[in-house]
Participant: 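Handing you a structure now.
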Amino acid sequence: MPVARRETCDARVIAHVDMDCFYVQVEQRKQPSLRGLPTAVIQYNSYKGGALIAVSYEARRCGVKRSMRGDEAKEACPQIQLVQVPVARGKADLNSYRNAGSEVVSVLSHKGLCERASIDEVYLDLTHAAESMLMETPPECTQDFEEEVLKSHVLGLEIKDGSDAKEEVRKWLCRSDARYQDKLLACGAIIVSELRMQVLKETEFTCSAGIAHNKMLAKLASAMNKPAQQTVVPHSSVEQLLASLPIKKMKHLGGKLGSSLQSDLGVSTVGGLLQFSEEQLQQWYGINTGTWLWNIARGVNGEEVEGRLLPKSHGSGKTFPGPQALKTIDSVQYWLNQLCEELNERLHSDLDQNKRIAQTLTLHVRAYKIGDSDSHRKFPSKSCPLRYGSRKIQEDALILFQAGLRDFLGFNTFKVHGNENNNWGVTSLSVSASKIVSIPSGTHSIAKYFGGKGKFPSSSTSNQSVDVVINETVPSSSSGSENCTGMVPYDLQLQYLDDTGMKHSDACLDPQDPLNHLSSKADGLTEESILMSPSGSEDRMAHGEPRRVLLAKDLSPVSNISSLKAVGKKKRAAGKKENCSIINIFNNYHNSQSSLKLKVTNAHDVKISSALGSSSADDSYSTCNEDIDTNKGGCSVVIPQGREAWCSYHIDEIDPSIIDELPPEIQQEFRTWLRPQKRPSVAKPGSSITHYFLPDKSR
Ligand code: TTP
């Protein structure tokens with residue numbers, strides 16, 4: 001759900017830059033002969049000529065729409081040029097588009113804080129640049145404006161018949177009696193027009209932009225005049241803009257919440273919400289959502305532009321429309337393997353190039369049940385800690401799928417394997433890696449912890465299985481003993497990063513976006529992010545009461561825990577001695593943080609019993625509904641605090657030789673643990689073993 005945030009200041013200059021028919025432009029740059037021709041990019045598949053995913057403006061003028069398939073597009077516009085998306089592993093290969101998006105970002109990021117919002121969208125906070133311009137070279141002192149800025153659309157600026165639009169814009173830019181906020185926006189318009197020209201010069205791509213005092217308004221404005229144009233939203237025009245803006249056009253209102261506003265409150269435009277008090281909206285939709293609705297009706301949006309040039313998740317997906325729907329586990333496994341290989345490649349290139357690691361693997365599926373009237377049932381998204389290595393990601397993704405399928409079909413004893421068709425079909429599959437954090441460079445990187453055993457891979461190969469990082473519990477794997485090779489517990493990394501002074505935790509995540517969906521656009525999917533409501537909320541609708549949307553904060557830790565479902569089998573860390581090092585102990589300790597009480601009877605034989613009274617000790621995976629923020633504790637569990645957590649170890653049974661694998665600064669402390677009577681009474685922050693393992697919430 002959106003997070004309600006008041007604006008701290010309305011004298012900001014925020015721009016939203018959106019590339020025009022982006023994939024088409026990328027293809028036209030590759031084949032300049034296509035420029036100016038009606039062109040569309042189609043997704044690889046043979047069904048009715050393939051799905052259109054990007055349509056040039058020339059083709060749009062002929063009536064071609066993105067919702068069409070290739071065959072329909074040819075009917076509407078016989079001269080259309082259909083270009084197929086590059087293909088790798090039998091699916092769209094979006095790398096050329098991603099790289100093209102990065103080129104644009106590198107041009108745009110010079111003038112202020114820059115947030116890469118999707119493969120072809122960027123937010124910029126140009127407040128400082130605009131303030132400087134206003135101080136040093138205010139628009140009224142400028143003689144010659146570039147044509148591009150004079151072509152700006154200024155909402156609310158009246159252009160009388162016969163008058164020169166560019167001259168009116170010039171006057172608006174130079175108005176000396178304007179409010180300070182609008183003067184800043186005028187400077188923003190000049191800066192953005194320069195940036196757009198720079199993008200064209202350096203990349204050959206055109207883009208459109210919206211300039212306003214917040215992200216929400218800037219995004220709305222960028223879509224208003226396309227292609228290759230820009231739109232400014234002065235403060236005085238906000239009310240008018242929202243008064244005519246259809247509810248469903250507003251971000252977050254495209255789904256069930258928007259439908260509820262239309263059907264239950266009878267409002268058709270965002271401005272229509274003005275008639276309700278904040279209390280009323282809170283009463284019907286909850287405190288946060290109610291306030292958020294009250295704010296957006298007034299154009300208030302305090303979201304900050306995040307300085308983020310890299311994507312916050314990686315994803316790989318494919319749709320299987322019509323007769324291509326997957327109907328056997330074997331075919332699902334085949335495609336999951338392809339998707340996971342691609343994901344693995346991208347994870348490794350992110351690691352190589354940006355020194356970043358992802359921590360959560362999520363599977364999204366669209367499926368149907370043949371002859372089932374319960375068409376509302378959604379295939380649940382499933383997440384688990386991400387293990388690096390193509391084969392491991394593939395194994396985990398399949399387990400997530402099987403778990404999801406069990407839930408989807410609604411029975412727990414069902415065995416899902418082989419080619420049994422149980423009257424279901426899968427129409428879309430995607431895997432994503434999120435919770436991406438940076439690894440600090442230098443001698444204190446986590447690479448140190450791997451020693452000679454698990455160096456970072458320098459290149460990605462499809463079947464490599466390199467354990468770079470392990471988080472939390474270890475999912476079931478057919479390669480059981482591999483699980484304990486070269487693993488580093490997640491908290492160890494995080495704490496270590498903190499010790500180097502880098503505050504990174506969740507830095508790459510969007511706290512405002514609890515859904516944290518895989519950006520469908522960024523991954524070439526035709527999916528939309530779906531605003532979910534808690535199960536049971538339909539009942540409220542039946543009584544004519546507006547749906548109360550469940551907020552992440554409404555979920556108490558207890559309910560979160562009880563919602564965790566066992567979907568995988570935890571294997572014992574039984575392996576060769578050389579594979580079962582201190583790393584195992586860390587890993588097992590980490591399991592104890594997941595409220596699984598550990599009892600280590602010896603270093604190589606881990607017995608786990610559930611302290612939660614869960615039906616199984618095999619709860620390696622968690623089920624996360626899409627409307628729960630997996631990054632913010634939607635699936636979190638109680639973490640035991642303090643040294644006591646270590647007491648469940650039979651410390652005498654730990655092989656002392658494995659302590660050599662620890663960082664030197666904590667080896668000593670660990671040794672004192674082996675002689676409990678000499679245990680130091682004070683744990684020095686930053687050097688204590690507990691410090692390495694126990695997340696310090698106060699930081
Ligand atoms: P958009 O910015 O939504 O659209 P666009 O750039 O093609 O056109 P516009 O000028 O109207 O903004 O999407 C950016 C790219 O993302 C688009 O070129 C292709 C890809 N994409 C998909 O692959 N599938 C989708 O469903 C959508 C919406 C986009």
Side-chain angles (χ1 to χ4, degrees), residues 15-30 34 38-45 50-70 73 80-88 91-105 108 116-123 196 199-200 203-210 218-231 248-249 251 254 311 315-321 339 342 364 366 427-430 432 517-530:
H16 178 255
V17 179
D18 187 20
M19 307 309 292
D20 303 315
C21 56
F22 188 47
Y23 289 12
V24 171
Q25 287 206 76
V26 174
E27 294 303 330
Q28 287 176 333
R29 188 173 70 169
K30 282 188 214 159
L34 293 176
T39 308
V41 176
I42 50 167
Q43 183 92 277
Y44 171 80
N45 66 49
L52 266 58
I53 53 175
V55 180
S56 76
Y57 282 83
E58 293 84 0
R60 292 183 204 194
R61 282 194 283 275
C62 298
V64 179
K65 295 194 170 68
R66 190 176 5 225
S67 55
M68 291 178 173
R69 302 198 70 86
I80 193 165
Q81 308 289 313
L82 296 177
V83 185
Q84 207 173 74
V85 170
V87 175
K91 65 174 287 297
D93 176 6
L94 306 181
N95 275 330
S96 55
Y97 308 125
R98 282 191 200 100
N99 295 340
S102 302
E103 287 177 47
V104 174
V105 169
L108 292 175
R116 188 173 186 173
S118 82
I119 201 162
D120 78 329
E121 280 172 288
V122 167
Y123 286 102
R196 288 180 40 243
V199 168
L200 183 61
T203 68
E204 301 176 29
F205 300 140
T206 66
C207 56
S208 300
K219 181 164 169 87
L220 286 173
S222 69
M224 295 179 90
N225 294 288
K226 283 191 132 242
Q229 295 170 78
Q230 62 182 47
T231 305
K248 293 270 181 169
K249 293 266 178 209
K251 191 177 168 193
S316 174
K318 183 169 170 68
T319 52
F320 308 93
L339 302 179
E342 191 200 334
H364 296 272
R366 278 193 178 172
T427 54
S428 144
L429 279 177
S430 74
S432 68
H517 284 311
L518 161 70
S519 163
S520 57
K521 210 161 87 166
D523 291 283
L525 301 176
T526 48
E527 294 177 357
E528 299 274 334
S529 292
I530 297 163

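When a ligand or atom number is given, it counts from 1 through the structure's own listing order.
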Participant: May I have the step-by-step check of side-chain hydrogen bond (donor to acceptor under 3.5 Å, both in side chains) for Tyr97 and Glu27, ending in yes or no?
Facilitator: CA-CA 9 Å; Tyr97 308 125; Glu27 294 303 330; 2.6 Å; yes
Participant: If the cut-off is 4.0 Å to any non-hydrogen atom of Tyr57, which atoms of ligand 1 fall inside it?
Facilitator: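 Taking each heavy atom of Tyr57 in turn, ligand 1 has 9 (P), 10 (O), 11 (O) under 4.0 Å.
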Participant: Find all atoms of ligand 1 within a distance of less than 4.0 Å from any non-hydrogen atom belonging to Asp18, and give their numbers and elements.
Facilitator: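 The list of qualifying atoms is 2 (O), 12 (O).
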Participant: Going by an N to O cut-off under 4.0 Å, is there a salt bridge joining Arg29 and Glu103?
Facilitator: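 Here Arg29 pairs with Glu103 in a salt bridge, since their nearest N and O are under 4.0 Å apart.
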Participant: Distance under 4.0 Å to a non-hydrogen atom of Asp20: what atoms of ligand 1 satisfy this?
Facilitator: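 Under 4.0 Å from Asp20, ligand 1 has these atoms: 6 (O), 10 (O).
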Participant: May I ask whether Gln25 has any heavy atom positioned less than 4.0 angstrom from an atom of ligand 1?
Facilitator: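 No.
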Participant: Could I get the full list of salt bridge (Lys or Arg N to Asp or Glu O under 4.0 Å) partners for Lys248, not counting sequence neighbours?
Facilitator: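 Result, salt bridge (Lys or Arg N to Asp or Glu O under 4.0 Å) vs Lys248: none returned.
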Participant: List ligand 1 atoms under 4.0 Å from Ile53, heavy atoms only on the residue side.
Facilitator: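 In order of numbering, the contacting atoms are 17 (C), 19 (C), 21 (N), 22 (C), 23 (O).
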Participant: Check whether any N or O atom of Val24, backbone or side chain, sits under 3.5 Å from an N or O atom of ligand 1, and answer yes or no.
Facilitator: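 No; the residue has no nitrogen or oxygen that sits under 3.5 Å from a nitrogen or oxygen of the ligand.
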Participant: Around Lys30, counting heavy atoms of other residues, nucleotides and ligands shown, do more than 12 lie under 6.0 Å from its NZ?
Facilitator: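 Yes.
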Participant: Under the criterion side-chain contact (heavy atoms from CB on, under 4.5 Å), I'd like the reasoning laid out for Asp120 against Asp18: C-alpha separation, chi angles, the key distance, then a yes or no.
Facilitator: CA-CA 6 Å; Asp120 78 329; Asp18 187 20; 3.2 Å; yes
Participant: Can you tell me which portion of Val55 lies within the under-4.0 Å heavy-atom range of ligand 1? Options are side chain, backbone, both, or neither.
Facilitator: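 Near ligand 1, Val55 shows nothing, with every heavy atom at 4.0 Å or more.
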Participant: Mark up the atoms of ligand 1 that fall under 4.0 Å of a heavy atom belonging to Met19, in ascending order.
Facilitator: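 Heavy-atom distances to Met19 below 4.0 Å select 6 (O), 10 (O), 12 (O).
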Participant: Which one of Arg60, Glu121, Lys226 has a non-hydrogen atom at the shortest distance from atom 8 (O) of ligand 1?
Facilitator: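 When every heavy atom of Arg60, Glu121, Lys226 is considered, Arg60 comes closest to atom 8 (O) of ligand 1.
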Participant: Evaluate Cys21 for polar contact with ligand 1, using N/O atom pairs at a separation under 3.5 Å.
Facilitator: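 Yes - when backbone and side-chain N and O of Cys21 are compared with those of ligand 1, one distance drops under 3.5 Å.
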Participant: List the residues meeting salt bridge (Lys or Arg N to Asp or Glu O under 4.0 Å) with Arg66, not counting sequence neighbours, and say none if there are none.
Facilitator: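 Not a single residue meets the salt bridge (Lys or Arg N to Asp or Glu O under 4.0 Å) criterion with Arg66.
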Participant: Using 30° and 60° as the class boundaries, would you call the ring planes of Tyr123 and His16 parallel, tilted or perpendicular?
Facilitator: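 Geometry flag for His16 against Tyr123: tilted rings.
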